[in-house]
Structure formats: C-alpha cells, structure tokens
Q: 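Below you'll find the structure I mean.
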Number of protein chains: 2
Amino acid sequence: MSPNEGRPPTQAERSRSRREQILDAAFHTFTRRGYRDTVMDEIAAAADTSKGGVYFHFPTKEAIFRELVRTTANRLAAKVEQAVAEHTDPIARADAALRTVLATFAGHRTMARLLFVDAMGAGRVFNAETNALHDRFAGMIASYLDEAVSAGAIPPIDTALSGVAWFGALNEVVARWLLVDEAPPLETAYPTLRALLLRSVGVDEARIADDSAGSVP
Amino acid sequence: MSPNEGRPPTQAERSRSRREQILDAAFHTFTRRGYRDTVMDEIAAAADTSKGGVYFHFPTKEAIFRELVRTTANRLAAKVEQAVAEHTDPIARADAALRTVLATFAGHRTMARLLFVDAMGAGRVFNAETNALHDRFAGMIASYLDEAVSAGAIPPIDTALSGVAWFGALNEVVARWLLVDEAPPLETAYPTLRALLLRSVGVDEARIADDSAGSVP
DNA sequence: ATGCACATACCGACTGCTCGGTCGGTATCG
DNA sequence: CGATACCGACCGAGCAGTCGGTATGTGCAT
C-alpha cells in the first residue's frame with residue numbers, strides 16, 4: 001500500500017481528494033440533470049462544500065465538464081484497447097471492442113449518459129469536443145476494420161464510413177436504452193447487434209454464427 | 001391559384017402569414033444557434049417584428065420549437081411514405097426510404113440540424129419529444145423490415161433493434177456531415193451506406209449489387 | 001515547544017448580466 | 001367603437017463567477 005498508513009493526511013493529499021470529491025459530485029449531477037440544468041451550488045452541495053470551495057479548485061463550470069468528458073472517454077478507450085489487445089484475429093478484435101463498450105455502458109449507465117447524451121446537450125460550444133469524441137471512437141472502429149480488410153477477413157470497403165455507421169448504430173442503441181425507463185438489460189442486445197454489424201461489413205455467415213466470445217469482467 | 005389575386009389581404013390572411021414568417025425566422029435561428037442559445041429578441045428581429053409581436057402569436061418559446069419539430073418531422077415522414085409507396089418490393093421500399101431521407105437532408109441541411117442536433121441540445125425537457133421522434137423513424141424502418149421478412153426477402157431478425165441500429169447509423173452519418181465543415185456531398189455516402197445496411201439484415205449480395213434505384217426529385 | 005508569518009483551503013453574501021415573459025399603450029382594420 | 005395586431009420598456013428569476021473574510025495548516029526562527 002502507500003508508504004504511510006494511520007497518519008494525518010498532508011495538505012496536498014487532502015486537496016487532491018477534495019478535487020476528486022468535487023469531480024465525483026459534478027459527474028453525478030451532470031449525468032442526472034444535464035450540463036445546462038446543473039447549477040454550481042448543486043455541485044457544491046453534492047460535494048459537501050461551497051461554491052467558493054468549488055471555484056478554488058476549478059476555474060469555470062466548463063472546465064469541470066471538459067475534464068470529466070476527457071477522463072471518462074480515456075477510461076473507456078483504455079478498457080477497449082485492453083480488451084482488444086487480448087485477441088489477434090481481426091474480427092475477434094472488433095468483436096471484443098463492441099462487447100466491451102456494451103458491457104461497460106451496461107454497468108455504468110451514467111458514464112454513457114455523460115458521454116453521449118450530455119455531451120450533445122451541452123450546447124454548441126462543445127460541438128468540437130463532441131465531434132472529436134465521436135471521431136475518436138469511429139476511428140477506433142475503422143482501424144479495426146482496416147486490420148480485418150488487410151488480413152483478408154472481410155472484403156475491402158469504406159472503413160471510415162463503416163466506422164461512423166457502426167458507432168452510430170451502437171450509440172443509438174445505447175441512447176435508446178438510456179432514455180427508456182423500463183430498459184431490458186443492455187447485454188441482451190449484444191448478440192443481435194453483433195450479428196447485424198458483422199454482417200454489414202461482409203463477414204462470413206459461418207464466422208458470425210461461431211460465437212467464440214470470451215467473457216468480459 | 002387561390003380565388004382572389006391582386007386584392008388587399010384580409011386580416012386573417014396577414015395574421016397567418018405573420019405566423020409563418022415568425023416560424024420561418026425561428027427555424028433559421030434555432031438551426032443556427034441551437035435552442036438554448038436562441039433569444040426571443042433574435043427571433044423577433046429575424047421576423048421583422050418585436051418580441052411582443054412574437055408573443056402575440058405564440059405563448060412560449062417552447063411552443064414555437066415544438067411546433068417546428070412536429071411539422072418538420074411530419075414533412076419528412078410524408079416524403080418518405082410517398083417515396084415508399086411508389087414501390088412494392090419490400091427491399092426497394094426500404095431502399096427508397098433511405099434514399100429519400102438522405103436526399104432530403106442533403107438538400108436541406110438545416111432541416112436535419114433542427115431534428116437531430118438541436119432536438120438533443122434542447123435539454124432534458126425535450127427528451128420525451130426526441131425519444132418519440134427517434135422511435136417514430138426507427139419504427140418506420142422496422143415496419144419496412146417486417147414487410148421484407150414476411151415477404152421472405154430477408155431472414156427473420158429482430159427488426160425493432162435493427163430499425164434502431166439503422167436509424168442510428170443513418171443519424172450519425174448525417175450528423176457527422178452536418179458538423180464537418182468541408183463536407184463532401186451527402187449523396188456520395190449513399191451507395192456505401194446502402195450496401196452496409198442491406199447487408200446487415202441479410203439481403204442477398206446479388207440483390208445489393210443490383211442498383212435499380214429510381215431517382216429522387 | 002512557542003510564537004509568528006505566510007500560504008492554502010474554504011465560505012457564502014453579493015454582483016452583474018441574461019433572458020423569458022408581461023403589460024400598458026398605440027395603430028389599423030372591419 | 002370594438003377587435004385584432006403589434007410594440008418595446010420593464011420585471012424578476014436564475015445563475016456563473018467574485019471577493020472580502022475566516023480558519024487551518026506549514027515552515028521557520030527563536
């Protein structure tokens with residue numbers, strides 16, 4: 001563990017933990033109320049501090065939101081890349097990516113909400129951000145598809161557009177799941193979505209039926 | 001034409017045209033600035049009237065927006081249904097729907113923006129609205145897919161989820177096109193997207209290659 | 001240890017501004 | 001003379017961000 005155990009925490013430590021606390025509170029508030037409808041006093045209250053306290057650690061509301069989106073996206077991307085790295089077969093890799101995203105979102109509704117609902121609802125200022133975010137994930141998918149193409153697993157296609165379409169399909173399924181009240185578990189959509197997407201890029205029917213899926217933690 | 005030509009317009013006529021004028025102005029302002037960033041004074045100015053004038057014809061900002069979304073969605077749905085009605089073959093019908101949406105959006109960037117970008121950015125209040133809108137179009141797609149299934153043109157699949165996925169893919173492609181500055185014409189995406197989507201629901205490769213597409217006005 | 005000087009962390013009343021909506025008034029039409 | 005259409009100054013609520021203040025460390029000299 002850390003080198004010092006039952007010791008009064010230093011100022012820097014307390015400061016960092018306070019920061020995290022505020023970030024956490026902001027995350028929850030943003031995901032519940034959306035960016036624009038979240039009031040700084042609410043974040044402060046949820047973080048058991050005051051508005052002044054929040055503004056001591058962060059310069060603006062926007063900065064908090066940006067940091068949250070960035071780190072959340074990073075976390076997800078890391079998870080996906082890790083899952084993908086466990087496979088070498090290109091189709092299995094694409095498949096792993098899909099499965100990981102779905103599983104992650106299924107486990108953390110709020111995470112998905114922040115990335116895909118609020119990021120849109122945050123207003124035009126964030127369009128560049130959102131755009132980059134979507135590009136990033138669509139690009140990830142496209143690169144896996146590229147691998148699959150050059151490995152001869154699927155016929156040559158417009159992988160960029162396919163990446164966008166895959167992402168869009170995924171996004172919509174997740175978004176629908178987020179917005180509907182009595183939502184059936186997201187994982188139930190996986191087999192169908194998997195088949196749909198793999199078919200769309202011309203994967204063999206035989207390969208699609210072969211469900212050699214590993215489990216996701 | 002209308003029964004009376006070079007005659008001073010009646011009060012009711014002027015009122016209606018003023019209403020349209022305001023609706024038009026609101027449409028353009030909403031699509032340029034987004035719902036939240038649009039100010040009533042801006043709408044009034046764009047409509048060559050005053051805030052009071054706007055509020056004479058509409059009770060709230062929200063009412064204007066709702067009406068715009070509703071009528072815009074109706075117009076699009078009508079176009080699609082009309083295009084679909086010209087075909088009997090289920091695949092051709094689904095195809096026509098896709099083509100129409102793409103062509104319509106290509107011709108009216110702003111229309112797409114209102115329906116799919118602003119409707120999300122309008123805040124949580126409109127979630128129900130947006131949800132219903134997405135459901136409506138996903139449902140339309142699903143019903144065409146259902147036809148295709150019962151006609152034996154494609155294997156039995158989860159058409160509801162496929163509709164959602166199709167719509168999501170379409171939506172994302174359009175959204176990307178809307179947000180990128182140097183956008184290549186949207187129609188260039190059509191052949192690829194068509195192939196992608198049709199393949200995803202198991203249409204024969206032969207049928208996909210057969211591009212018996214009619215033209216869209 | 002004790003006192004002191006300074007920094008860090010935090011507080012909450014207040015400010016300044018934005019913006020949806022109102023209201024008393026005016027003009028034009030029928 | 002209504003009624004309908006329109007005007008724009010004004011109201012008031014909401015809210016991001018500020019600022020003067022307090023309290024709690026932290027380093028250092030005595």
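The shown structure was predicted, so the numbers you read here are calculated from the model rather than taken from an experiment. Lettering follows sequence order; numbering is per chain, from 1.
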Q: Please determine if a side-chain N or O atom of A:His57 lies less than 4.0 Å away from the OP1 or OP2 oxygen of C:dC10.
A: yes
Q: Starting at atom CZ of B:Phe65, determine the distance to atom C1' of C:dG20, rounded to an integer number of angstrom.
A: 16 Å
Q: For B:Phe56 and C:dC29, give me the distance from atom CZ to atom C1', rounded to whole Å.
A: 13 Å
Q: Can you check whether B:Pro184's main-chain N or O pairs, donor with acceptor, with B:Trp177's side chain at less than 3.5 Å?
A: yes
Q: Restricting to non-hydrogen atoms, name the atom on A:His87 and the atom on A:Ala92 that form the minimum distance, rounded to 0.1 Å.
A: ND1-CB, 3.7 Å
Q: Examine distances only and state if a side-chain atom of A:Lys51 and a backbone atom of A:Glu42 form a donor-acceptor pair shorter than 3.5 Å.
A: no
Q: Over how many whole Å does the gap from B:Arg16 atom CZ to D:dT4 atom P extend?
A: 16 Å
Q: Thinking salt bridges, do B:Arg36 and A:Asp37 make one under a 4.0 Å N-O criterion?
A: yes
Q: Which ones in residues 39-52 of chain B lie close to DNA chain C, meaning a heavy atom under 4.0 Å from one of its atoms?
A: B:Val39, B:Met40, B:Lys51
Q: OP1, OP2 of D:dC6 versus side-chain N and O of B:Arg18: anything below 4.0 Å?
A: yes
Q: How many Å lie between CZ on B:Phe58 and C1' on D:dA5, as a whole number?
A: 14 Å
Q: Rounded to whole angstroms, how far apart are NZ on A:Lys61 and C1' on D:dG17?
A: 12 Å
Q: Take atom CG of B:Asp37 and atom C1' of C:dG20, then tell me their distance rounded to the nearest Å.
A: 15 Å
Q: To check you understand the geometry: which heavy-atom pair defines the closest contact between B:Arg199 and A:Val201, and what is its length?
A: NE-C, 4.3 Å
Q: Just checking, any donor-acceptor pair under 3.5 angstrom between side chains of A:Asn74 and A:Arg136?
A: yes
Q: Rounded to the Å, how far apart are B:Tyr55 OH and C:dG24 P?
A: 18 Å
Q: Could you state the CD1-C1' distance from B:Ile64 to C:dG21, rounded to the nearest angstrom?
A: 12 Å
